[in-house]
2 protein chains.
Amino acid sequence: MTESESESKFLKSYNPKDFDSPLCTVDMAIIAVEAGELKVLLVQRSEHPHKGCWALPGGFADLKRDNSIEATAHRKLAEKTGIKTPYLEQVESIGNAMRDPRGWSITLLYFALIDFEALSIKEGAVTGSEQTQWMSIHDALKCELAFDHALLLRKAINRLRNKTRYTALPISLMPETFTLTELQTMFELILGTSLQKKSFRRRLEASGLLIGSGDMRSTARRPAALFKRSDSFKSDHVFPGLLDVEIESL
Amino acid sequence: MTESESESKFLKSYNPKDFDSPLCTVDMAIIAVEAGELKVLLVQRSEHPHKGCWALPGGFADLKRDNSIEATAHRKLAEKTGIKTPYLEQVESIGNAMRDPRGWSITLLYFALIDFEALSIKEGAVTGSEQTQWMSIHDALKCELAFDHALLLRKAINRLRNKTRYTALPISLMPETFTLTELQTMFELILGTSLQKKSFRRRLEASGLLIGSGDMRSTARRPAALFKRSDSFKSDHVFPGLLDVEIESL
DNA sequence: ACTTATAAGTGTCTTTATGACACCCAAGAT
DNA sequence: ATCTTGGGTGTCATAAAGACACTTATAAGT
């Protein structure tokens, strides 16, 4: 019997269900800004365990439909928000015997950043049988989320805060065009500190990530130049230096 | 029936095996330096699939013995190297339908850095029925590793290289005491570039991570001061600035 | 029409950290 | 005694962020 015959015979008699295997899920921290606050999308669990609790959206990979875990994450995101091309990043995987009463379980945590205004499914929408809600990060961390989802949310926010110090990530939360002050406000909102206007503009200027759209935003004051993402824009662009703010680890 | 009675009834009738669940493993890139080369610990697979191929050590979480995936990683590491307190970090999780012929599979990739000299199990050791080997990174990436382990190894090395630019991580690869030149050589080996002696020493001096051990190393030339980790040492210490080297993404 | 408040946007000096590189120093080898 | 060699330092240049004052444009109020 050749090696490859031996291997195919082995595979034929192999059944994954013969082994004890942990539960394996994908959970998502979907983050947007609305009304000047960082918010996260939560769903109310319609099934046990933790029935009735608010939780991060997520669930099992559908082995028939999803070719990879990123596909699962994209599918979940599209189901909840209608958004197809978000900023999506894997944060970490947490697995242990205690986090789910059903038994040993692992979750792959993703976080997504989206422009709230681009949402096709908004406040209080009901997808399937589940109630969904945008809740401010602050409230979400206080309100007894299901499982260890408060921990997961903290991990996602910490990642977002850290990356905001040295990358252009928050631009993913902005609409098509925006002013530099609006963008700076977004950074400040995420970091929870105020930033130096000059330094902020210098970084962006030097990065070449944005170009003026030509238009101006006329508000009650002096009009502000509108910018949009340039051709060379990448949301994970790394600036040469860190913003010197100390972030409170949640 | 109260909510909690309803929930416990649900849990009693719940069987994880009722659902299609992916295979879920932990794989490890265990890295050390020997003979002036970055090396990775590989095991030769004694079972199908990919029987006979070299692979990163790893395997299924033992739901009976391991309380968490970190516990699984620590156990695997101790089994292969005898080392209990390494630098250990989760890199990423990869899951898709193609990476394992047995079916949809997810792996949680960890990487560990250890001081080769502190190993209790060395070259060519046989643990259980598996042959193990330390192979240079360069060779390992060329030699057709099992599954997608070449990809996993590249991800681990890229992470190591990136972190070496702005953290003190490589100190985890050093013995108890060492000279600054030896440490710099370690950084250079990982990054694949030479570094400025002065800049390198300044960063470490300013960090307060090391203190002189009092002793000197007497070689054929001028003796060099020996240093050890100070009380405030943390391997994930972040330096204020980046080392300005461009690293070839593998 | 003039003034004022306010947000947009700029000029410029300081501070911090790394890069570059020349120089000095200590010990064994000759 | 001198040479060689790697250990270790002094110092100026450069890059990027921080601090902060200043100018500018607009709408609203008088």
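These numbers come from a predicted model, not from an experiment. All chains are named by letter (A, B, ...) in the order of the sequence lines, taking the proteins before the strands, and each is independently numbered beginning at 1.
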_Donor-acceptor pair (no angle test) under 3.5 Å: K198(B) side chain, dG10(D) base_ = yes

_Side-chain-base donor-acceptor pair under 3.5 Å for R221(A) and dA7(C)_ = no

*asked:* Under a 4.0 Å threshold between the charged nitrogen and the carboxylate oxygen, would E92(B) count as salt-bridged to R159(B)?
replied: no

*asked:* Strictly below 4.0 Å: does R203(A) bring a side-chain N or O up to OP1 or OP2 of dA16(D)?
replied: no

*5'-most contact on DNA chain C: G241(B) or A220(B), nearest heavy atom basis?*
G241(B)

*Is there a donor N/O on one and an acceptor N/O on the other, under 3.5 Å, for the side chain of R202(A) and the base of dG18(D)?*
yes

*Rounded to the nearest angstrom, tell me the gap between atom CG in L204(B) and atom C1' in dT18(C).*
13 Å

*Atom-pair distance (CG on D244(B); P on dA20(C)), nearest Å*: 7 Å

*Roughly how many Å is it from CD in E205(B) to P in dT18(C), rounded to a whole number?*
13 Å

*Could you point out which residue of L88(B), L41(B), L56(B), T107(B) forms a side-chain contact (heavy atoms from CB on, under 4.5 Å) with M28(B)?*
L88(B)

*So, for F187(B) and F200(B), is the gap between ring centers shorter than 6.0 Å?*
yes

*Expressed in angstrom and rounded to an integer, what is the separation of R201(A) atom CZ from dG18(D) atom P?*
15 Å

*Under 4.0 Å: is that the gap between some side-chain N or O of Q196(B) and OP1 or OP2 of dG19(C)?*
no

*Would you indicate, yes or no, if dG19(C) has its OP1 or OP2 atom less than 4.0 angstrom from a side-chain nitrogen or oxygen of S199(B)?*
yes

*Between E182(B) and S218(A), who's closer to the 5' end of DNA chain D by nearest nucleotide?*
E182(B)

*So do T185(B) and E182(B) actually touch side chain to side chain, heavy atoms under 4.5 Å?*
no

*Name the closest nucleotide to the R222(A) side chain, picking from dT18(C), dA16(D), dT23(D).*
dT23(D)

